[in-house]
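Notes follow once the structure below has been shown.
Counting begins at 1 with the first residue of the sequence. Below, all heavy atoms of this structure are taken into account, side chains as well, without hydrogens, waters or symmetry copies.
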Amino acid sequence: MRKKFVQIAATVLLAGLCLSLAPGAAPRARAAVAEDQIIRVGIYFDGSALPGVNMTNAAGSGFRLGYYDGDNRFVQLASTDQTDLSVVKTENVYYVDSGGYASYYNYTGGGQAVVIGCYHLQLPGSYGSFEQAQAAAQAYSGGFAAYIDGAYYARVGNYPDRAGAEQAQSQLSAQGVSAEIRGTSAYGVSVVRTGSNQILFQYDDLGAGTGLGVEPNAAGDQGEDYRTRFHNINWRGGFRFERVNGGNLTIANLVSLGDYVKGVVPHEMSNAWPLEALKAQAVCARTYTLTNLNRHSSGHFDLCNESHCQVYLGVYGAGTNSDQAVDETAGQVAIYNGELAECYYHSSNGGATEGVNVVWGSNQSGYPYLVGVNDPYEALVADRIDNYEWTRTVTGEALTQMLHGWGYTQASLIATAQVSQYSDTGNPAQVTFTDQDGRSYTVASRRVVTYFGLRSYRYDFVGGGGQLLVNSQPVDSLEGLYAIGGNGQSTAVGEGAYLITGDGTIAQAGTGGGQAGADGTFTIAGSGWGHNVGMSQWGAYAQALEGRTYREILTFYYTGITVG
């Protein structure tokens with residue numbers, strides 16, 4: 001059945017939206033869940049990687065410094081009582097104010113900026129512990145302990161150029177101290193006192209991939225709920241700073257599964273939403289996490305903190321309701337045939353979800369629980385959803401260029417466009433375009449969504465002649481309609497019939513529009529926001545208001561699953 005489009009006032013915008021990629025071919029994980037499992041969350045990476053970042057222990061005092069082993073266990077190498085510190089790459093970096101945030105940057109301007117130089121003087125020999133190396137280094141101004149490729153060394157000073165290092169080397173030599181000029185590899189990282197050029201510790205794994213691990217010391221009465229603050233956000237857990245492939249710092253937050261989910265839920269749903277909706281979101285977020293580990297393996301972390309995976313901002317935004325939802329569903333995941341289900345979710349579906357075969361072209365038999373379901377609940381709260389009903393105008397030229405890009409180079413200017421096949425839930429499955437020479441081209445509806453960046457997968461073409469009205473009411477089908485001819489005989493109206501439109505022109509009948517308007521444009525009208533696969537967050541909200549439990553919500557959207 002073709003979809004009716006009703007104009008609805010919109011007042012609320014959902015805080016978060018997970019627009020995930022199509023399910024992959026990797027086997028799904030078994031349903032074994034531990035809330036203390038460590039999740040590696042990328043916070044700054046690729047284009048957002050930083051030359052340096054400031055950190056503050058927000059609950060205790062000082063930090064532990066080391067690295068994380070292959071099982072994500074922290075191995076301590078050093079410690080500092082410094083509560084405010086910065087981690088920087090071991091190239092020349094400068095402490096300056098950039099955009100209102102003072103930190104260490106690849107500074108190229110003039111002035112009196114504090115500089116952390118990349119040349120150092122290394123004292124002879126190595127040491128068996130951090131304490132020994134630190135004691136030796138602190139006998140000299142600017143001395144610090146370094147851990148390079150598995151051994152401790154005592155180093156002195158930092159100089160932005162070799163000439164400065166050579167001058168300092170001569171001064172030490174005059175005191176009878178032999179020291180070699182050293183730098184680090186492209187993977188070296190320094191810990192410094194924020195706002196100064198004082199190095200507290202230096203780490204270089206020579207590209208082994210461990211990176212520098214930093215964990216805050218807990219305050220005496222805080223237990224394990226210690227937190228670190230940087231970029232004005234508090235975070236639980238520890239951090240790994242790694243110069244992946246050299247260059248700037250990739251920063252990952254290593255945090256328990258339970259605390260990670262507590263950081264996701266309030267950004268994918270509002271903390272003020274009903275508890276049962278938040279619990280459904282918690283189960284989805286937990287399950288999604290476990291089925292998508294190592295999604296960012298090239299960056300040496302599991303998931304990112306953006307909508308590509310799940311929005312996550314540490315402790316920021318968490319509240320009593322969202323934390324309670326996570327605690328009351330601890331260890332619970334969505335299961336199908338003994339394996340974790342792929343819990344994709346989206347903001348709103350516009351009236352029906354859709355199967356992965358239609359949306360992503362995936363093999364539907366591999367995801368029997370990700371099928372389309374008609375959703376009567378969203379309509380109950382549609383007036384609260386911002387831009388629930390939407391339109392998009394495109395030109396015939398744009399449609400023609402789209403087809404040319406897909407290899408249909410013979411297509412002339414597109415004259416009509418309409419959904420030619422619908423799914424069982426009324427979402428478009430295929431779209432047919434006809435050019436002005438009468439040639440037709442049928443493509444999967446998802447290609448149109450992707451090409452034009454449509455807000456959802458529930459849409460239709462309503463351009464040109466607009467919708468067919470009978471007695472001023474729109475109709476969804478020509479089936480059952482009859483026209484009375486000049487001889488008084490009634491005749492069934494077929495899809496190929498031509499009618500006189502409101503502006504006096506003759507257009508082919510069709511409830512989905514599809515004709516270009518007088519200005520040569522087509523209108524795409526749709527509802528919802530997101531990929532339409534799995535749980536609708538606004539639908540979960542509506543169901544919770546109706547008194548349905550989180551288990552009922554989840555089993556409604558994921559056909560045949562259990563929650564365990």
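Between the OG atom in Ser190 and the CG atom in Asn197 there is a gap of 11.5 Å [rounded to 0.5 Å]. The distance from the CD1 atom of Ile335 to the CD1 atom of Ile561 is 8.5 Å, given to the nearest 0.5 Å. Here the OG atom belonging to Ser347 is positioned 6.5 Å from the CD1 atom belonging to Ile385, to the nearest 0.5 angstrom. Atoms OG and CD, on Ser48 and Glu306 in that order, are 6.5 Å from each other to the nearest 0.5 Å. Interatomic distance, Gln37 CD to Leu293 CG, rounded to the nearest 0.5 Å: 6.0 Å. The line from CG of Asn349 to CE of Met535 is 11.0 Å long, rounded to the nearest 0.5 Å.
Of all non-hydrogen atoms in Ala318 and Asp323, the two that sit nearest each other are CB-OD1, 3.9 Å. Residue Tyr95 comes nearest to Ala102 through the heavy atom pair OH-CB, 3.5 Å, listed as atom of the first residue, atom of the second, then distance. Scanning both residues, Gly534 and Tyr558, for their nearest heavy atoms gives CA-CE2, 3.6 Å. The two atoms that bring Tyr203 and Gly211 nearest to each other are CE2-O, 3.3 Å, heavy atoms only. Nearest heavy atom pair, residue Ser536 against residue Ser348, reads OG-CA, 3.7 Å. Smallest separation of non-hydrogen atoms from Ala49 and Thr250: CB-N, 4.4 Å.
Using a 4.5 Å heavy-atom cutoff, the side chains of Asn57 and Phe63 are in contact. Counting heavy atoms from C-beta on, the side chains of Tyr345 and Gln281 come closer than 4.5 Å. With a 4.5 Å cut-off on side-chain heavy atoms, Val93 and Val115 do not count as touching. Side chains of Asn106 and Asn248 form a contact here, defined as non-hydrogen atoms less than 4.5 Å apart. Looking at heavy atoms from C-beta onward, Leu85 lies out of side-chain contact with Arg193 at the 4.5 angstrom threshold. By the 4.5 Å heavy-atom criterion applied to side chains, Val87 and Leu249 are counted as neighbours. Looking only at side-chain heavy atoms (C-beta outward), Asn387 and Arg455 come within less than 4.5 Å of each other. Phe239 has its side chain within reach of Met55: a pair of non-hydrogen atoms, C-beta onward, lies under 4.5 Å apart.
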request  = Start with the C-alpha distance between Tyr152 and Glu131, add both sets of side-chain angles, then the distance that settles side chain to side chain donor-acceptor pair (under 3.5 Å), and finish with yes or no.
outcome  = CA-CA 9 Å; Tyr152 290 99; Glu131 291 75 16; over 6 Å; no

inquiry  = Go through it in stages, so that I can follow the logic: the residues are Arg182 and Tyr119, the test is side chain to side chain contact (heavy atoms under 4.5 Å, CB included), and I'd like the CA-CA distance, side-chain angles, deciding distance and then a yes or no.
reply    = CA-CA 6 Å; Arg182 291 294 178 89; Tyr119 290 93; over 6 Å; no

task = Report the C-alpha separation of Glu242 and Lys89 in whole Å, then their side-chain angles, then the decisive distance to 0.1 Å, and conclude whether the salt bridge (charged side-chain N to carboxylate O under 4.0 Å, His left out) test is met.
result = CA-CA 9 Å; Glu242 183 184 359; Lys89 64 179 181 179; over 6 Å; no

message = Between Arg551 and Lys279, does the side chain to side chain contact (heavy atoms under 4.5 Å, CB included) criterion hold? Intermediate values first, please.
response = CA-CA 9 Å; Arg551 291 177 182 271; Lys279 289 163 76 171; over 6 Å; no

request  = Show your reasoning for whether side chain to side chain contact (heavy atoms under 4.5 Å, CB included) applies to Leu290 and Val333.
outcome  = CA-CA 9 Å; Leu290 296 175; Val333 289; 4.2 Å; yes

task = Let me see the working for Tyr541 and Ser270 under side chain to side chain donor-acceptor pair (under 3.5 Å), right down to the final yes or no.
result = CA-CA 10 Å; Tyr541 172 85; Ser270 168; over 6 Å; no

query = Can you check side chain to side chain contact (heavy atoms under 4.5 Å, CB included) on Asn321 and Trp273, steps first, answer last?
reply = CA-CA 8 Å; Asn321 285 349; Trp273 279 21; over 6 Å; no

key: Candidate pair Asn271 and Ser322, rule side chain to side chain donor-acceptor pair (under 3.5 Å), full reasoning   = CA-CA 5 Å; Asn271 180 63; Ser322 59; 3.2 Å; yes

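In summary, the side chains of Asn217 and Ser61 do not present any donor paired with an acceptor at a separation below 3.5 Å, with no hydrogens or angles considered. Counting only N and O atoms by type, the side chains of Tyr316 and Asn232 include no donor and acceptor under 3.5 Å apart. A side-chain donor from one of Tyr68 and Glu215 sits under 3.5 Å from a side-chain acceptor of the other. For Asn294 and Arg40, the side-chain atoms include at least one donor-acceptor pair closer than 3.5 Å. Gln310 and Tyr260 share a donor-acceptor pair across their side chains, judged by distance under 3.5 Å alone. Ser86 and Thr194 form a side-chain donor-acceptor contact under 3.5 Å, judged by distance and modelled atom types alone. No side-chain donor from either of Thr90 and Tyr187 sits under 3.5 Å from a side-chain acceptor of the other. For the residue pair Gln134 / Tyr127, no side-chain donor-acceptor distance below 3.5 Å is found, with atom types taken as modelled. A donor-acceptor contact closer than 3.5 angstrom links the side chains of Tyr388 and Glu378. If you check the side chains of Ser256 and Asp36, you find no donor sitting under 3.5 Å from an acceptor. One side chain, Gln202 or Arg155, offers a donor N or O that lies under 3.5 Å from an acceptor on the other.
The local environment of CG in Asp81 is sparse, with at most 12 non-hydrogen atoms from other residues, nucleotides or ligands closer than 6.0 Å. For Tyr67, the OH atom counts as loosely surrounded, since its 6.0 Å shell holds 12 or fewer non-hydrogen atoms of other residues, nucleotides or ligands. Remark: Asp84 CG is packed, more than 12 non-hydrogen atoms of other residues, nucleotides or ligands lying under 6.0 Å away.
Between Tyr369 and Tyr336, the distance separating the two ring centers is shorter than 6.0 angstrom. Ring to ring, His296 and Phe45 are close: their centroids are under 6.0 angstrom apart. The aromatic ring centroids of Tyr153 and Tyr147 lie 6.0 Å or more from each other. Ring-centre distance between Trp360 and Tyr457: not below the 6.0 Å cut-off. Here Tyr94 and Tyr105 keep their ring centres 6.0 angstrom or further from each other.
With respect to the salt-bridge test (charged N to carboxylate O, under 4.0 angstrom), the residues Glu35 and Arg286 qualify. Salt bridge Arg243/Glu91: present, at least one basic N to carboxylate O contact under 4.0 Å.
Using bins of under 30°, 30° to 60° and over 60° for the plane-to-plane angle, the ring pair Phe144/His120 lands in the perpendicular bin.
At distances below 3.5 Å, at least one donor-acceptor pair connects side-chain atoms of Asn253 with backbone N or O atoms of Gly238.
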